[in-house]
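Here the structure is laid out as structure tokens; the discussion comes afterwards.
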Amino acid sequence: MRYKIPRGTYDILPQQSYKWQKLFADFRKLAAAYGYAEISTPMFEQAGLFERSSGESSDVVKKEMYRFTDQKGRVFALRPEGTAPVARAYVENRMDIGAAVKKLYYIGPMFRYDRPQAGRYRQFQQYGIELIGSDNPFYDAEVISILWFFLSGLGLKNLRLEINSVGCPNCSQAYDKALQEYFRPHFSDLCPDCQVRIEQNPRRLLDCKVPSCKEIASGAPVQLDYLDEDCRIQFAAVQKHLELMEIPFTINPRIVRGLDYYTHTAFEVVGGSLGAQNSLAGGGRYNGLLEQIGGKSTPAIGFAGGFERLLLALEEEGISLGDVPAPDAFAILIGEAARDAFTPYLNALRLKGIFVEFDPDKSSFKAQLKAADNRQARFALIFGEDELAANSVTLRDLQSGEQKNYSLENLDLLAEAIRG
RNA sequence: GUGGGUGUAGUUCAAUGGCAGAGCACCGGAUUGUGGUUCCGGGCGUUGGGGGUUCGAGUCCCCUCACCCACCCCA
């Protein structure tokens with residue numbers, strides 16, 4: 001019986017892992033510069049947390065959650081998204097005490113039982129930001145800007161930021177009503193899904209891909225026209241701040257985030273040529289969420305992005321994240337006596353932070369030199385009978401072919417030469 | 001969950017129902033202390049898995065698994 005990796009998952013092999021490390025590091029660095037600190041929550045939570053926060057009718061809860069029961073019958077779920085756990089941690093750890101605003105970021109795997117496709121996996125890595133404790137539109141723009149600068153900073157050109165406001169519960173109620181009034185006369189022309197949506201979640205009608213529905217929806221009232229005074233002011237302020245930051249955006253009134261907890265600002269960054277799964281990241285304001293899960297009413301905003309799609313987009317645009325690091329030097333040790341004698345120096349160099357490779361499985365000079373070339377080492381460190389007798393080592397530059405002897409008395413000189 | 005496509009060596013791909021092959025990569029060697037080029041040598045791989053038809057299946061049929069594309073949805 002050979003075991004196989006679960007569907008929709010993947011191994012990150014050594015040839016790839018440095019790319020992930022690079023992306024993680026870039027994101028952490030940027031987040032830190034904006035004053036955000038990392039938070040890490042469990043990969044599973046009480047299933048109810050997600051059911052309540054995302055909404056019972058959301059696809060995530062209806063069909064995509066990995067639910068399981070533990071030995072005592074408690075019902076848990078592998079986290080399908082990162083915001084609800086962070087909100088839970090905020091409430092549970094009384095993070096509302098002290099500084100008014102908490103700036104948090106996370107990196108970690110999420111899980112959704114969905115049919116895999118390019119850019120869509122059952123376990124996928126997300127990066128995300130959550131800012132809890134303020135509804136100042138300045139922060140909406142700040143959070144969006146972190147996402148924007150992260151992605152554009154990697155060199156991506158083919159990016160589009162789309163923003164919208166879904167308003168507060170007040171204006172979305174008015175809007176839903178307007179939508180229902182608009183669509184009801186067209187009822188018989190709508191697809192079966194939309195006929196249900198019209199009562200349950202009229203805003204989803206705007207998202208329908210069925211051509212006939214699309215055509216009807218094209219004339220539907222626009223949410224932005226139904227914003228109340230406060231929401232309008234808020235949305236205008238977000239735009240102003242984005243303009244001050246010189247971040248290009250377009251207003252897309254059709255952005256309807258999939259999870260129920262969003263209010264006011266909603267946004268999405270889409271990548272150019274990714275095929276159907278082209279959403280690189282999405283987020284928005286969720287002023288109602290914390291209260292919904294048992295905390296005080298607290299405004300918050302955040303986003304989440306997927307690393308897999310980011311990697312796809314980078315590849316698509318031909319952007320390299322660098323190469324697997326090559327050894328600084330490759331030790332070529334000829335004969336057992338030389339090999340034994342050089343072992344302490346091998347360690348000493350490594351402890352100085354120099355990347356020195358050695359292959360004990362190869363014995364002949366030629367094979368070892370070939371290996372050094374193969375690994376693209378900059379230098380070969382040759383140590384055989386002659387060097388053993390002279391208590392020195394031969395440093396060979398593998399590009400120029402130049403060779404020079406270095407005494408083993410003073411390893412610093414050698415180290416310096418290798419470092420260049 | 002629905003529809004379609006594809007699965008052969010590490011990889012990219014061949015093989016009218018008739019002996020499973022090639023390029024690249026990889027390993028070894030070309031008188032034993034000088035690599036990259038060149039030359040020589042090295043491949044029985046559960047043809048994704050299981051069943052069926054057939055004298056004979058990588059090839060035809062069924063099931064299954066995985067990936068890809070689209071839908072749904074989203075990261």
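A quick note: this is a predicted structure, and the numbers were derived from the prediction, not measured. Within every chain, numbering begins at 1; the chains are lettered A, B, ... in the order of the sequence lines, protein sequences first and strands thereafter.
Across B:rG48 and B:rA70, the matching C1' atoms stand 24 Å from one another, rounded to whole Å. Comparing B:rU47 with B:rC71, their C1' atoms sit 32 Å apart, to the nearest whole Å. Nucleotides B:rG28 and B:rG33 place their P atoms 15 Å apart, quoted to the nearest Å. Nucleotides B:rG42 and B:rU8 are separated by 26 Å at their P atoms, to the nearest Å. For B:rU59 and B:rC19, the P atoms lie 14 Å apart once the distance is rounded to whole Å. Nucleotides B:rG3 and B:rU46 have their C1' atoms positioned 32 Å apart, rounded to a whole Å. For the C1' atoms, the distance from B:rC27 to B:rG10 is 13 Å, rounded to whole Å. Across B:rC60 and B:rC72, the matching C1' atoms stand 35 Å from one another, rounded to whole Å.
Judged by distance alone with a 3.5 Å cut-off, a donor-acceptor contact links the side chain of A:Arg120 to the base of B:rC72. The base of B:rG33 lies outside donor-acceptor range of the side chain of A:Arg396, with no N or O pair under 3.5 Å. You won't find any donor-acceptor pair under 3.5 Å spanning the side chain of A:Arg115 and the base of B:rC69, going by distance alone.
At the heavy-atom level, A:Gln125 lies nowhere under 4.0 Å from the strands shown. Nucleic acid contact for A:Glu385: base, since at least one base atom lies under 4.0 Å from a heavy atom of the residue. Residue contacts for A:Ile382: at a heavy-atom cut-off of 4.0 Å it reaches a base atom on one of the strands shown. In this structure, A:Gly82 reaches neither bases nor backbone, as no heavy-atom distance under 4.0 Å exists between it and the strands shown. Within 4.0 Å of A:Tyr121, counting heavy atoms only, lies at least one base atom of the nucleic acid. If you check every strand for non-hydrogen atoms under 4.0 Å, A:Gly128 touches nothing. As judged by a 4.0 angstrom heavy-atom cut-off over every strand, A:Ala304 is placed among residues touching the sugar-phosphate backbone only.
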Can you list the steps and then say if A:Tyr226 with A:Tyr175 is a ring-ring contact (aromatic ring centres under 6.0 Å, His included)? CA-CA 6 Å; A:Tyr226 287 80; A:Tyr175 180 55; 5.6 Å; yes
Applying ring-ring contact (aromatic ring centres under 6.0 Å, His included), run through A:Phe150 and A:Tyr127 and close with a yes or a no. CA-CA 11 Å; A:Phe150 175 54; A:Tyr127 55 93; 5.1 Å; yes
Does the pair A:Phe44 and A:Phe68 meet the rule for a ring-ring contact (aromatic ring centres under 6.0 Å, His included), with working shown? CA-CA 10 Å; A:Phe44 63 98; A:Phe68 64 95; 5.8 Å; yes
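When rounded to the nearest whole Å, the span between CG of A:Asp373 and P of B:rA25 equals 13 Å. Counting to the nearest Å, the P atom of B:rA75 and the OH atom of A:Tyr262 are 6 Å from each other. A straight line from CD of A:Glu130 to C1' of B:rA75 spans 14 Å, rounded to a whole angstrom. For the pair A:Asp11 CG and B:rG10 P, the computed distance is 16 Å after rounding to whole Å. In this entry the distance linking CD of A:Gln368 with P of B:rG28 reads 11 Å, nearest Å. To the nearest angstrom, C1' of B:rU34 lies 7 Å from CD of A:Gln403. Computed from coordinates, the A:Glu315 CD to B:rC68 P distance equals 13 Å when rounded to whole Å. What separates CZ of A:Arg339 from C1' of B:rG33 is a distance of 18 Å, to the nearest Å.
Contact annotation: the side chain of A:Leu408 approaches that of A:Val393 to within less than 4.5 Å [non-hydrogen atoms, C-beta and beyond]. With contacts defined as side-chain heavy-atom distances shorter than 4.5 Å, the pair A:Phe138/A:Val238 does not qualify.
With B:rA75, B:rG1, B:rG33 as the candidates, the nucleotide lying closest to the side chain of A:Asp386 is B:rG33. In this structure, of B:rC69, B:rA75, B:rU34, it is B:rU34 that holds the atom nearest to the side chain of A:Leu369. Among the nucleotides B:rA66, B:rG29, B:rC74, the one closest to any side-chain atom of A:Lys4 is B:rA66. The nucleotide whose nearest atom lies closest to any side-chain atom of A:Glu387 is, among B:rA66, B:rA75, B:rG33, B:rG33. When distances are taken from the side chain of A:Tyr113 to each of B:rG1, B:rA75, B:rG33, the shortest belongs to B:rG1.
Proximity of the aromatic rings of A:Tyr121 and A:Tyr10 is defined here by a centroid distance below 6.0 angstrom, and this criterion is met. Aromatic pair A:Phe307/A:Phe24: ring centres closer than 6.0 Å.
For the atom pair A:Asp359 CG and A:Lys370 NZ, the distance stands at 13.5 Å (nearest 0.5 Å).
Using cut-offs of 30° and 60° for the angle between ring planes, the A:Phe383 and A:Phe342 rings count as tilted.
With 3.5 Å as the limit, one finds a donor-acceptor pair spanning the side chains of A:Tyr286 and A:Glu130.
Both thresholds, 5.5 Å between centres and 30° between ring planes, are not jointly met by A:Phe307 relative to the base of B:rA75, so the two rings are not stacked.
Of the residues near RNA chain B, A:Ile334 and A:Pro116, the one whose nearest nucleotide (by heavy atom distance) lies more toward the 5' end is A:Ile334.
Applying the 4.0 Å criterion to OP1 and OP2 of B:rC26, one finds that A:Asn374 has a side-chain N or O inside that range. Put simply, A:Gln117 has no side-chain N or O that comes within less than 4.0 Å of OP1 or OP2 on B:rC68. Of the side-chain N and O atoms in A:Arg7, one or more sit less than 4.0 angstrom from OP1 or OP2 of B:rC67.
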What would the secondary structure line of RNA chain B be in dot-bracket form, counting Watson-Crick and G-U wobble pairs under 3.5 Å, with [ ] for pairs that cross earlier ones and | for pairs with another strand? (((((((..((((....[..)))).(((((.......))))).....(((((..]....))))))))))))....
